[in-house]
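The next block holds one structure in the form of structure tokens; read it before the comments.
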Amino acid sequence: MARAFAEITFTPAVLAEQERQGTAGNYARFLSPEAAPADAIGPAEADFIARRDGFFQATVGENGWPYVQFRGGPEGFLKVLDEKTLAYADFRGNRQYMSVGNLRADGRVSLILVDYPNRRRLKVWGEARIVDIEEDPELIAGLHDRSYRAKPERAIVITVAALDWNCPQHLPQRFTLEELEPALAPLRAELERLRAENAELRRDAAAGAG
Ligand SMILES: Cc1cc2nc3c(=O)[nH]c(=O)nc-3n(C[C@H](O)[C@H](O)[C@H](O)COP(=O)(O)O)c2cc1C
């Protein structure tokens with residue numbers, strides 16, 4: 001039971017919809033004072049976040065429209081600074097600055113981090129702060145893996161307000177090329193062995209026929 005996320009997301013319209021659909025009773029306990037707040041990063045969340053190479057980030061435009069963009073990088077580029085703080089180096093892209101522009105006006109973000117092979121996902125809500133490079137070069141240096149080909153333009157530092165684990169329903173199992181490699185390597189070796197054996201058998205058969 002996670003109280004903080006329900007306090008953010010169970011708006012009057014959401015509660016009214018739960019009432020209409022007959023599910024309000026299932027979720028009322030989320031808002032009870034006894035429910036765990038789930039507003040800080042624990043060891044399970046920290047481990048999960050450290051293994052991600054991307055996440056979707058929603059921001060809010062000044063006109064109220066949500067805006068979602070994917071943020072990708074080397075594994076673990078979204079760093080846990082402490083149990084209430086996440087941060088990442090924000091790379092140069094197409095220079096439309098939609099997420100950053102939104103964040104200058106309203107720091108609220110909603111992230112979703114997905115582990116496709118294990119079919120797990122974590123939702124995070126927070127207040128983001130933009131830290132420009134000139135403001136804190138050391139922070140950016142600590143967040144950016146220099147072996148990764150990207151130009152960091154700023155850091156985004158997020159104070160976590162709520163976290164919630166999602167169930168795996170309808171989440172497809174997907175693998176990156178790197179994740180598939182341990183399974184593919186023995187198959188490639190076996191294919192090579194069988195090809196060689198096949199060539200040898202063909203040679204023997206041709207020699208026998210001759
Ligand atoms: C040269 C270049 C062109 C890009 N064109 C697009 C594009 O047309 N659409 C898009 O969604 N992302 C594009 N990207 C990726 C985005 O720039 C990147 O995801 C960035 O983080 C978007 O930030 P924003 O959505 O907050 O503005 C491009 C990146 C580069 C470097």
Side-chain angles (χ1 to χ4, degrees), residues 4-5 8-9 11 39 41 45-82 84-166 170-181:
F5 101 87
I8 292 172
T9 58
T11 59
D39 60 354
I41 303 157
E45 287 83 12
D47 183 58
F48 185 85
I49 292 165
R51 290 165 196 266
R52 302 281 68 77
D53 59 3
F55 57 90
F56 292 91
Q57 172 182 268
T59 54
V60 192
E62 288 160 288
N63 52 10
W65 279 95
Y67 176 72
V68 180
Q69 180 56 276
F70 182 77
R71 286 288 184 266
E75 190 177 302
F77 79 104
L78 178 62
K79 306 240 183 291
V80 177
L81 301 189
D82 61 49
K84 289 293 285 181
T85 318
L86 292 169
Y88 66 93
D90 196 30
F91 303 133
R92 172 169 293 189
N94 61 3
R95 312 199 77 194
Q96 291 184 18
Y97 299 116
M98 291 179 279
S99 303
V100 179
N102 284 350
L103 291 176
R104 297 250 183 230
D106 185 333
R108 289 177 298 169
V109 288
S110 175
L111 315 180
I112 188 152
L113 288 71
V114 186
D115 173 355
Y116 290 99
N118 297 302
R119 301 181 69 230
R120 298 181 76 210
R121 56 191 149 177
L122 179 67
K123 293 184 279 191
V124 181
W125 291 260
E127 285 276 345
R129 189 164 54 86
I130 298 164
V131 180
D132 292 310
I133 292 188
E134 323 69 75
E135 216 179 307
D136 193 343
E138 269 176 42
L139 173 68
I140 315 280
L143 293 175
H144 179 49
D145 172 355
R146 294 172 75 92
S147 67
Y148 187 76
R149 272 172 57 93
K151 182 175 167 45
E153 284 191 332
R154 67 195 64 75
I156 304 292
V157 180
I158 301 168
T159 303
V160 171
L163 300 120
D164 187 43
W165 289 99
N166 230 164
H170 306 298
L171 184 61
Q173 210 175 16
R174 287 197 182 119
F175 299 89
T176 62
L177 286 175
E178 290 77 23
E179 285 161 348
L180 279 175
E181 194 48 40

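Just follow the structure's listing: the first ligand is 1, and inside any ligand the first atom is 1. Values below: every heavy atom of this structure, side chains too, minus hydrogens, waters and symmetry copies.
Closest to atom 21 (O) of ligand 1, if we only count protein heavy atoms, is Arg71 NH1, 2.9 Å. Protein heavy atom in closest approach to atom 22 (C) of ligand 1: Gln69 NE2, 3.5 Å. Among protein heavy atoms, atom 8 (O) of ligand 1 sits closest to Asn94 ND2, 4.4 Å.
Side-chain contact check for Val160 versus Thr85: every heavy-atom pair is 4.5 Å or farther apart. For the pair Arg104 and Glu62, the minimum side-chain heavy-atom distance is 4.5 Å or more. Using a 4.5 Å cut-off on side-chain heavy atoms (C-beta onward), Lys123 and Leu163 make no contact.
Listed by chain and number, the residues in a side chain to side chain contact (heavy atoms under 4.5 Å, CB included) with Thr59 are Gln57, Tyr67, Ser99, Asn102, Leu103, Val109 (sequence neighbours excluded).
Counting only residues at least two apart or on different chains, the ring-ring contact (aromatic ring centres under 6.0 Å, His included) pairs with a member in residues 114-137 are Phe5-Trp125.
Taking any N or O of Met98, backbone or side chain, at least one lies under 3.5 Å from an N or O belonging to ligand 1. Remark: ligand 1 and Arg92 share no N or O pair separated by less than 3.5 Å (distance only, no angle test).
Residue-ligand proximity, Tyr97 to ligand 1, at heavy-atom distances under 4.0 Å covers atoms 27 (O).
Using a 4.0 Å cutoff on heavy atoms, Arg95 does not count as a contact of ligand 1. Contact annotation: Tyr67 has at least one heavy atom less than 4.0 Å from an atom of ligand 1.
For atom 1 (C) of ligand 1, no protein heavy-atom neighbour is found at a distance under 4.0 Å. When distances from atom 15 (C) of ligand 1 to the protein are checked, no heavy atom turns up under 4.0 Å.
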*Test Arg119 against Asp115 for salt bridge (charged side-chain N to carboxylate O under 4.0 Å, His left out), laying out the working first.*
CA-CA 6 Å; Arg119 301 181 69 230; Asp115 173 355; over 6 Å; no
*Please walk me through it: do Arg146 and Tyr148 pass side-chain hydrogen bond (donor to acceptor under 3.5 Å, both in side chains)?*
CA-CA 5 Å; Arg146 294 172 75 92; Tyr148 187 76; over 6 Å; no
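Remark: Arg121 fails to qualify as a cation-pi partner of Trp165 under the 6.0 Å distance and 45° angle criteria applied to the six-membered ring.
Closest heavy-atom approach to atom 30 (C) of ligand 1 among the candidates Ala150, Gly93, Ser99: Gly93.
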